[in-house]
Amino acid sequence: MHKFILILLFVFTLFSCGTDTDTGEFTVGSDYLALSNKVIMIDTVTVEMSTINFDSLVTSAKNRILVGNYDDPIFGKVKSNSYFQVSSNIYTLNSAGSDTDAVNYVFDSISMILKYDKYYYGDTTKVQTFDIHRLLQKIKANTGESDLYNNSAFNYSSESLGKISFVPRPTQKDSINIKMNDEFGEALFQKVKKKEVTDLDSFTEYLKGLVLVPDTSNSSSVIGFSGGNSKIRLYYSKYKGDADQASYYLDFTIIDNTKQFNSISLDKTGTILQNLPVSSSNLSSKLTNNQGFIQSGTGVACRVEFPNIKQFKNISTNGAIVNAELFVKPINNSYSDKYPLADSLAVYIGDNLNRISGTLVNSAGTTVYGILNKKSDEFNENLGYTIPIGAFLQKEMLKQADSRSSLILTLPSISKSVNRIVLGNQKHVDNKIQLKIYYISY
């Protein structure tokens, strides 16, 4: 018992040097200390927050055509073009009749059918406009790579092959139909009819790919469509003079989903994030009104660090961090029905250059997430994400090297959505980040 009292006095000495958490010192008073089986609880440890921007995100092979744009009141102008290569399982017209039937077939129309996958972000009560353009380059990854990224792009023709203006109904309707240019459809039909395209190679030589581009004059929302269930459908039939004519179609789908990706951009001009550096640097929350930022699709993420965690080794000769909870709070009025909060946060471990080494795991090796507490209260004090980080801090405390790891907070669908969130740091007036550490000596 006497040994524990001496340890406790040492803890008071170590963590009671000041009250300003920015100085890297901690205060442990009677209100912050709980004793149970030689366990102390400390909740004034310095937590540093900043915003980072990954140089790229893999957006290919996600099975989502993400297209649209909107003006975010905090982050800036968000835009997503979707590139894809289509192909077919067959490159012949219907041959159920005689061998000469194909000669009598004529082109009717061509459309792109986009099937909603229920994802949307922004204001879907306003009109959104898309155009389809023909690519001038084949879709392929850089040499030595197999992925395509949010900042990848390919040249395309300025001519629109099809346009649609519509009010999105992603949860009420099945799909939208974009009527495409008859000249384009007729030319494609003749290529098939004359057997000038007979396989994937000859087809992609003729039609290298397509891109869906939103019209920026009416920014409102970003909509998700199913890559596996959307298609180009070419309709044809026999001569119209035939009273018993039958209607046929030929589908071109995204068979190779590695050749479909979303090019997602963020114009931060005039926003609080306009000076956000890319890749290995960070923007301190002290320079952004005590706030950290996360946005899927564009690579914006929040970095959290614990610069003084190694001091815990001085508490006791034999001791350990047995549990710790980080509670991060979204900024009041930064979320709404148009910009809803995600149910969880994905948490990664990064180094000082923002390189990811893995996901955050607990002591059993299981991946952990930040889970949103939706319990309502008058001042939203309980609204936030709880992240268990005891195992992570224990490992950081025991590190021999001078380097330290950080936590990188993102959203789970970082590569196929544009959701975002704004979080408060330790100095934020209303939505402070909180950390509780439970340390045991033995």
- prompt: Is a side-chain N or O of Asn373 found less than 3.5 angstrom from the main chain of Asn382, in a donor-acceptor match?
  reply: yes
message: Has Asn181 got a side-chain atom pairing as donor or acceptor with Glu183's backbone, closer than 3.5 angstrom?
response: yes
task: Ignoring hydrogens and angles, state whether a donor on the side chain of Gln85 or Thr204 is under 3.5 Å from an acceptor on the partner side chain.
output: no
statement: Nearest heavy-atom contact between Val222 and Asn69 is CG2-N, 3.8 Å
- prompt: Counting only heavy atoms not in Lys173, do more than 12 fall under 6.0 Å of its NZ?
  reply: no
Pair Arg404 + Glu396, salt bridge at N-O below 4.0 Å: no
field: Pair Thr269, Lys77: side-chain N/O donor-acceptor within cut-off below 3.5 Å
entry: no
Lys436, NZ atom: more than 12 neighbouring heavy atoms under 6.0 Å: no
- prompt: Within 45° of the six-membered ring axis of Tyr120 and under 6.0 Å from that ring's centre, is NZ or CZ of Arg64 located there?
  reply: no
- request: Using atom types as modelled and distance alone, determine if a side-chain donor or acceptor of Ser219 lies under 3.5 Å from a backbone N or O of Asp71.
  value: no
- prompt: When you check the side-chain N and O atoms of Asn332 and Asn431, is any donor under 3.5 Å from an acceptor?
  reply: yes
- prompt: With a cut-off of under 6.0 Å to the ring centre and 45° to the axis, is Arg420 in cation-pi contact with Tyr339?
  reply: yes
Steps toward salt bridge (charged side-chain N to carboxylate O under 4.0 Å, His left out) verdict (Asp131, Lys163): CA-CA 4 Å; Asp131 279 277; Lys163 178 188 288 284; 2.8 Å; yes
message: Under a plain distance cut-off of 3.5 Å, with no hydrogens placed, do Ser111 and Asn177 share a side-chain donor-acceptor pair?
response: yes
- request: Give me the ring orientation class for Phe261 and Phe154: parallel if the planes are under 30° apart, tilted from 30 to 60°, perpendicular past 60°.
  value: perpendicular
field: Among Ser165, Ser217, Ser220, the one residue meeting side chain to side chain donor-acceptor pair (under 3.5 Å) with Thr129
entry: Ser165
message: Just verifying a value: how many Å separate Leu435 CG and Thr46 OG1, rounded to the nearest 0.5 Å?
response: 10.0 Å
field: Asn425 and Asn290: side chain donor to acceptor below 3.5 Å
entry: yes
query: Would a distance-only check, ignoring hydrogens and angles, find a side-chain to backbone donor-acceptor pair under 3.5 Å from Glu205 to Asp201?
result: no
- prompt: Counting N and O atoms only, with roles assigned by atom type, does the side chain of Asp72 sit under 3.5 Å from a partner on the main chain of Ile74, one being a donor and the other an acceptor?
  reply: yes
- prompt: Would a distance-only check, ignoring hydrogens and angles, find a side-chain to backbone donor-acceptor pair under 3.5 Å from Gln291 to Thr288?
  reply: yes
message: Looking only at side-chain N and O atoms, does Asp402 offer a donor or acceptor that is under 3.5 Å from a partner on Gln400?
response: no
message: Test your reading of the model: is there a side-chain donor-acceptor pair from Asn53 to the backbone of Thr298, 3.5 Å cut-off?
response: yes
task: Establish, from distance only, whether the side-chain atoms of Asp117 and Ser226 form a donor-acceptor pair under 3.5 Å.
output: no
Donor-acceptor side-chain pairing of Ser316 and Ser441 below 3.5 angstrom: no
- prompt: Ignoring hydrogens and geometry, is there a side-chain-to-backbone donor-acceptor pair from His133 to Leu212 under 3.5 Å?
  reply: no
task: Measure across Asn262 and Ser82 and return the closest heavy-atom pair with its distance rounded to 0.1 Å.
output: OD1-OG, 2.8 Å
- prompt: So with a 6.0 Å cut-off around CZ of Phe184, is the heavy-atom count from everything else above 12?
  reply: yes
message: Nearest 0.5 Å, please: how far is OH in Tyr70 from NZ in Lys338?
response: 10.0 Å
query: Under 3.5 Å, is there a donor-acceptor pair between the side chain of Asn362 and the main chain of Gly365?
result: yes
task: Using atom types as modelled and distance alone, determine if a side-chain donor or acceptor of Ser80 lies under 3.5 Å from a backbone N or O of Ile264.
output: no
query: More than 12 foreign heavy atoms under 6.0 Å from NZ of Lys208: is that the case here?
result: yes
message: Surrounding NZ of Lys395 (heavy atoms of other residues, nucleotides or ligands, distance under 6.0 Å), is the total greater than 12?
response: no
field: Spatial distance of atom CZ (Phe306) from atom CD1 (Ile389) [nearest 0.5 Å]
entry: 3.5 Å
message: For Phe225 and Tyr116, take the angle between the two ring planes, folded into 0 to 90°, and tell me which bin it lands in: parallel under 30, tilted 30 to 60, perpendicular over 60.
response: parallel
